[in-house]
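First listed ligand is number 1; within each ligand, the first listed atom is number 1.
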Amino acid sequence: MPTTVLITGASSGFGAACARLYAQKGYALVLLARRLDRLEALKSELSQQCNVFIQALDVTDRNAVSHVLETLPASHQSIDILINNAGLALGIAPAHETDLNDWDTMVNTNITGLMHMTRAILPGMVARNRGHIVNIASIAGSWPYPGGNTYGATKAFVQQFTKGLKADLLGTNIRVTELSPGMAETEFSLVRFNQDQQKADSVYDNATPLSAADIADIIVWVTSVPAHVNINSLEVMPVCQAWGPLAVSRD
Ligand code: NDP
Ligand code: 8X3
């Protein structure tokens, strides 16, 4: 049986780039996201290379997560690698002006969805004593910035949750990794700025951000190191990005 990789948020950005790279290696793929048309296009692109199963899934829907995983075809039931990638930032407003619905959506997607996927897939990995979970966090989980409030906090959860999983899984062969990328050009900013292309483009203007392919390379590497090696945590920025000084408000 080929290695089976399940990727959430496979319809664009990091998820789609990972699907392309794992497909080149002939891995079996389970690709999930809400936009089925995107998944269908990806499936027809990759089907020559590997066995692809797609399913529309909103990771915030707990019952749908269970249903999708319980009804996977036999060929794709044993998940070897779970890439918990589905996630988003909505808006950049300060906490006192933010839309509470945006906060709820970020928490439900970035935290609750990731927890539910993990909880559903982990028992099978433990039973087989085999598997690797890669959780996509963000530099925003470690380094606060104005307007990053809830988004950053959800990613701090992902970082700490991943360490907790590693502690729980001691004594098994299951590996757990948290990857925290910095600025990467995907549909991330388009989503954050509610489809305002100009605002999204301005994030990457005159800079060389990471690409989705850069991140996919790292994810595939992390899951390809020798079986006794666990990359716990990895923070990656483009060369053009760094921290700023602490801010001071003066009279
Ligand atoms: P994209 O917007 O290109 O991709 C996000 C993916 O998440 C899409 O495939 C989207 O699919 C999916 N998604 C969003 N909400 C849901 C949901 N409720 N259920 C299922 N799938 C969902 O952005 P990126 O590729 O950049 O983002 C991937 C991950 O990387 C996210 O977790 C993001 O927070 C993180 N990240 C991004 C960085 C960046 O600068 N780009 C930096 C650090 C971390 P669909 O809409 O079809 O459901
Ligand atoms: C995405 C990176 O810095 O825009 O997680 O929050 S940042």
Note to self: Within the 3.5 Å criterion, strictly below it, is a donor on T105 or N108 matched to an acceptor on the partner's side chain?
What the structure shows: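 Side chains of T105 and N108: no pair found under 3.5 Å.
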Check: Between the side chains of N84 and T118, is a donor N or O closer than 3.5 angstrom to an acceptor N or O?
Finding: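 Side-chain D/A pair, N84 to T118: present.
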Checklist line | Taking atom 2 (C) of ligand 2 as the reference point, the nearest protein heavy atom with its distance | finding: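 Minimum-distance protein heavy atom for atom 2 (C) of ligand 2 reads S138 OG, 3.7 Å.
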Next item on the list: Looking only at protein heavy atoms, identify the closest one to atom 18 (N) of ligand 1 and say how far it is in Å.
Entry: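 For atom 18 (N) of ligand 1, the nearest protein heavy atom is D58 OD1, 2.9 Å.
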Notebook entry, point to check: For S211 and D214, what are the C-alpha separation, side-chain angles and deciding distance, and is it a side-chain hydrogen bond (donor to acceptor under 3.5 Å, both in side chains)?
Noted result: CA-CA 5 Å; S211 68; D214 293 330; 3.1 Å; yes
For ligand 1, indicate whether the residue [X] contacts it via side chain, backbone, both or neither (heavy-atom separation under 4.0 Å).
X	answer
S189	neither
T109	side chain
K155	side chain
I139	neither

Check: Shared ILVMFWY cluster between I139 and F14, side chains joined below 4.5 angstrom?
Finding: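 No; F14 is not reachable from I139 via cluster members.
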Notebook entry, point to check: So if you build clusters from Ile, Leu, Val, Met, Phe, Trp, Tyr with side-chain heavy-atom gaps below 4.5 Å, do V134 and I218 land together?
Noted result: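 Yes, V134 and I218 fall within the same hydrophobic cluster.
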Notebook entry, point to check: Under a 4.0 Å heavy-atom limit, does M183 contact ligand 2 with its side chain, its backbone, both, or neither?
Noted result: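 Answer for M183: neither.
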Checklist line | Sub-4.0 Å heavy-atom approach of R192 to ligand 2 | finding: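 The answer is yes: ligand 2 sits under 4.0 Å from a heavy atom of R192.
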Next item on the list: Using a strict cut-off of 4.0 Å, indicate which atoms of ligand 1 neighbour a heavy atom of G13.
Entry: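 So the atoms of ligand 1 that pass are 3 (O), 25 (O).
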Next item on the list: Report, as yes or no, whether the 6.0 Å neighbourhood of atom CG on D205 holds more than 12 heavy atoms from other residues, nucleotides or ligands.
Entry: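 Yes, enclosed.
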Note to self: Nearest non-hydrogen contact with atom 3 (O) of ligand 2 belongs to which option: W143, F188, Y145?
What the structure shows: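 Result: the heavy atom closest to atom 3 (O) of ligand 2 is in Y145.
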Item checked: Distance filter under 4.0 Å to Y151 heavy atoms, resulting ligand 2 atoms ->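 Listed by number with element: 1 (C), 5 (O), 6 (O).
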Check: What do you reckon, does A137 put a non-hydrogen atom under 4.0 Å from ligand 1?
Finding: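 So A137 counts as touching ligand 1.
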